[in-house]
Protein chains: 2
Amino acid sequence: MTLADARSPLVAIPIGDPCGIGPEIAAKVALDKAVVGHAEILLIGDRRIVRDALDLIGSDRRIHDVVSDTVKLAPPAGAQINVLHVPGIGPGEFSRGVLSPSAGAASLDCIRVATELALAREIQAFVTAPVNKEALQKGGMRFSADADFMADLCGTPRIAAMVVSEKLRVFQVTSHVSLRKAIDLITVDRIVETVNLANRFFLDYHGTEPKLAVAALNPHAGEGGTMGTEEIDVVIPAVETARAAGINVDGPIPADVIFWKARQGDYDAVISLYHDQANIPIKLLDPYGLVVVTVGLPVIRTSVAHGTAFDIAWKGVADHAALRGAVLAAADLARARQKVMVASAK
Amino acid sequence: MTLADARSPLVAIPIGDPCGIGPEIAAKVALDKAVVGHAEILLIGDRRIVRDALDLIGSDRRIHDVVSDTVKLAPPAGAQINVLHVPGIGPGEFSRGVLSPSAGAASLDCIRVATELALAREIQAFVTAPVNKEALQKGGMRFSADADFMADLCGTPRIAAMVVSEKLRVFQVTSHVSLRKAIDLITVDRIVETVNLANRFFLDYHGTEPKLAVAALNPHAGEGGTMGTEEIDVVIPAVETARAAGINVDGPIPADVIFWKARQGDYDAVISLYHDQANIPIKLLDPYGLVVVTVGLPVIRTSVAHGTAFDIAWKGVADHAALRGAVLAAADLARARQKVMVASAK
């Protein structure tokens with residue numbers, strides 16, 4: 001059998017920047033009993049780093065070397081840690097907790113392998129352990145974020161981030177830019193694209209049309225233009241365009257109203273216009289249970305909201321709960337997608 | 001005795017714009033048993049409008065006319081509704097649910113009387129029922145908001161809005177302006193002034209120095225200037241200035257972190273930079289329990305976050321819970337202030 005035959009979805013974890021907490025929390029997730037029965041785990045990274053991480057957390061679990069020619073994988077062995085060895089840098093070739101271009105290059109390589117395996121359907125999903133954007137760029141990445149690197153590998157023109165907790169699902173029209181720049185980036189096209197991606201996500205993973213709502217930019221949704229004109233100039237035309245295309249979407253809804261309405265079930269998801277508009281409500285309700293889903297890719301990819309935490313790297317104290325949540329969410333998405341595909345094939 | 005001798009704090013309610021739900025919810029609060037023992041209520045408005053509102057909600061309670069020459073008030077009668085008659089417009093002189101400059105002028109007059117009574121210490125606090133800003137301005141108000149009108153009457157140079165729920169207290173550096181304009185208005189001076197007002201509020205009403213924190217403007221607090229420079233240029237200098245003046249204040253803290261930290265007790269209050277940054281978390285945790293306190297006035301004034309709701313005016317269906325909450329909060333502040341003053345006089 002190949003790993004793709006595994007009963008639980010096979011979820012790969014590129015182990016992230018070796019200078020940070022990625023390898024440690026990836027190893028902890030691979031050992032976590034709460035994952036058993038929900039997902040088969042495949043770590044993607046340098047075997048020597050994984051061994052070091054296992055030693056750090058006091059595990060003598062053996063590494064099972066998974067062989068890949070990017071299509072065929074060997075079967076996993078039950079009590080072992082499945083590792084797809086991607087030669088990068090080994091222990092001693094970097095300083096723990098210090099930004100390193102070589103470490104960035106190595107972590108980018110692991111993400112590339114994971115994306116290719118997902119495209120080849122050898123894995124059902126992947127979850128990236130934390131990387132450092134500056135290290136990735138100094139290590140050769142020509143994109144502003146790792147998600148854009150994946151989108152390029154997949155030949156995907158447009159992606160969006162969805163932040164999810166148990167209580168809310170929020171798609172982001174803009175994300176990691178200054179608030180001033182975010183306002184400039186909010187265009188009719190960009191909102192419509194995000195609404196389309198959100199709608200497509202529900203069709204692909206739930207098999208049903210969602211009820212969506214777009215948040216306003218200004219207080220009280222601009223109150224008829226007296227507190228900002230972006231609603232009139234941009235958000236309303238975008239919502240009208242999406243509705244004309246048959247999408248069930250409301251808006252603009254004042255940002256201090258839309259999230260509690262979504263929480264009480266009025267909407268399946270919220271389209272937010274800027275980073276904090278999405279993340280304030282999500283993190284307030286669920287500070288540690290947040291998962292990020294990259295929507296629009298032809299593969300399933302989730303990640304965590306936290307970073308590499310260089311300050312506590314390789315100290316054995318990093319909490320893997322967020323990464324575990326992202327793995328379980330990825331496995332759930334894989335099962336949901338399978339169900340929709342089986343249903344639509346009937 | 002004068003009303004100021006009442007055992008419970010005497011809280012006045014200017015009944016708001018007669019075209020809206022103000023008179024109805026003010027009458028409901030005056031009749032609400034949950035207020036008894038917490039506050040004595042004095043409605044300020046045209047007696048004919050109050051009578052109409054009582055009739056609307058099916059109350060045959062008699063109106064007790066409170067006489068005032070702006071200093072002396074007659075004693076209230078237990079089972080009656082205390083009304084300070086401010087001649088404005090009567091029933092039939094306006095259309096319910098339709099914006100009216102005369103109604104704006106009448107509601108502004110009631111706010112003026114309430115402010116003057118509070119300055120004269122004839123009442124301990126007042127709570128404004130909803131007014132319509134456009135009606136106020138067409139009715140003669142030369143200010144951008146009713147709070148500024150009150151500040152002018154009080155000769156107060158600088159005020160700030162504090163939004164409060166059971167779970168969070170948030171001061172606003174900017175409020176009812178477009179997001180673009182808010183960013184332009186966020187200056188070192190304005191942040192420092194708001195921090196000072198927040199600090200003074202806790203000294204005046206709690207008798208202790210608070211632990212404060214200022215929210216960041218950009219994602220991840222600008223991440224060292226890579227996602228916006230306002231933290232470096234404005235927020236950090238403001239926090240340093242306030243700290244140099246002896247105030248216990250942290251910041252800038254990323255906006256998606258600061259509110260859950262405040263909620264878990266790390267801070268007594270948050271200084272937010274723009275309207276939705278304050279109101280998203282407050283309303284998400286407590287959609288209906290929100291009270292607005294105008295901080296910096298020499299008198300106690302609270303209000304509700306909702307508006308005149310012209311669409312449901314005079315239908316008998318308006319919910320007075322928010323106004324009741326604002327009245328109870330005002331009475332609590334009056335008691336807290338009294339306690340601090342007694343303690344500091346010893």
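Every chain is numbered from 1, with letters handed out A, B, ... down the list of sequences. Predicted model only: the values in this text are computed from it and were never measured.
Of the listed residues (A:I258, A:V257, A:L217), the greatest number of heavy-atom pairs within a distance under 4.5 Å of chain B belongs to A:L217. Comparing B:P219, B:A216, B:G222 by heavy-atom pairs within less than 4.5 Å of chain A, the highest count is held by B:P219. By number of non-hydrogen pairs under 4.5 angstrom with chain B, the leading residue of A:P254, A:A278, A:G228, A:P287 is A:P287. Between chain A and the residues B:L284, B:N218, B:L285, B:N279, the largest count of heavy-atom pairs under 4.5 Å involves B:L284.
Under the 4.0 Å criterion applied to side-chain N and carboxylate O atoms, A:R180 and B:E230 are assigned as salt-bridge partners. Salt-bridge check for B:K283 with A:D256: passed, with a basic side-chain N closer than 4.0 Å to an acidic carboxylate O. A salt bridge links A:R301 to A:D146: one of the charged nitrogens lies within less than 4.0 Å of a carboxylate oxygen.
Here the side chain of B:T294 pairs no donor or acceptor atom with the backbone of B:A147 at under 3.5 angstrom.
Heavy atoms of other residues, nucleotides or ligands lying less than 6.0 angstrom from NZ of B:K211 number more than 12.
For A:S175, the part lying near chain B is the backbone, with the side chain staying farther off; criterion is any non-hydrogen pair under 4.5 Å. Neither the backbone nor the side chain of A:D286 comes within less than 4.5 Å of any heavy atom of chain B. Proximity to chain A (any heavy atom under 4.5 Å) is shown, for B:I282, by neither the backbone nor the side chain.
Considering every non-hydrogen atom in both A:L323 and A:T128, the closest pair reads CD1-O, 4.2 Å.
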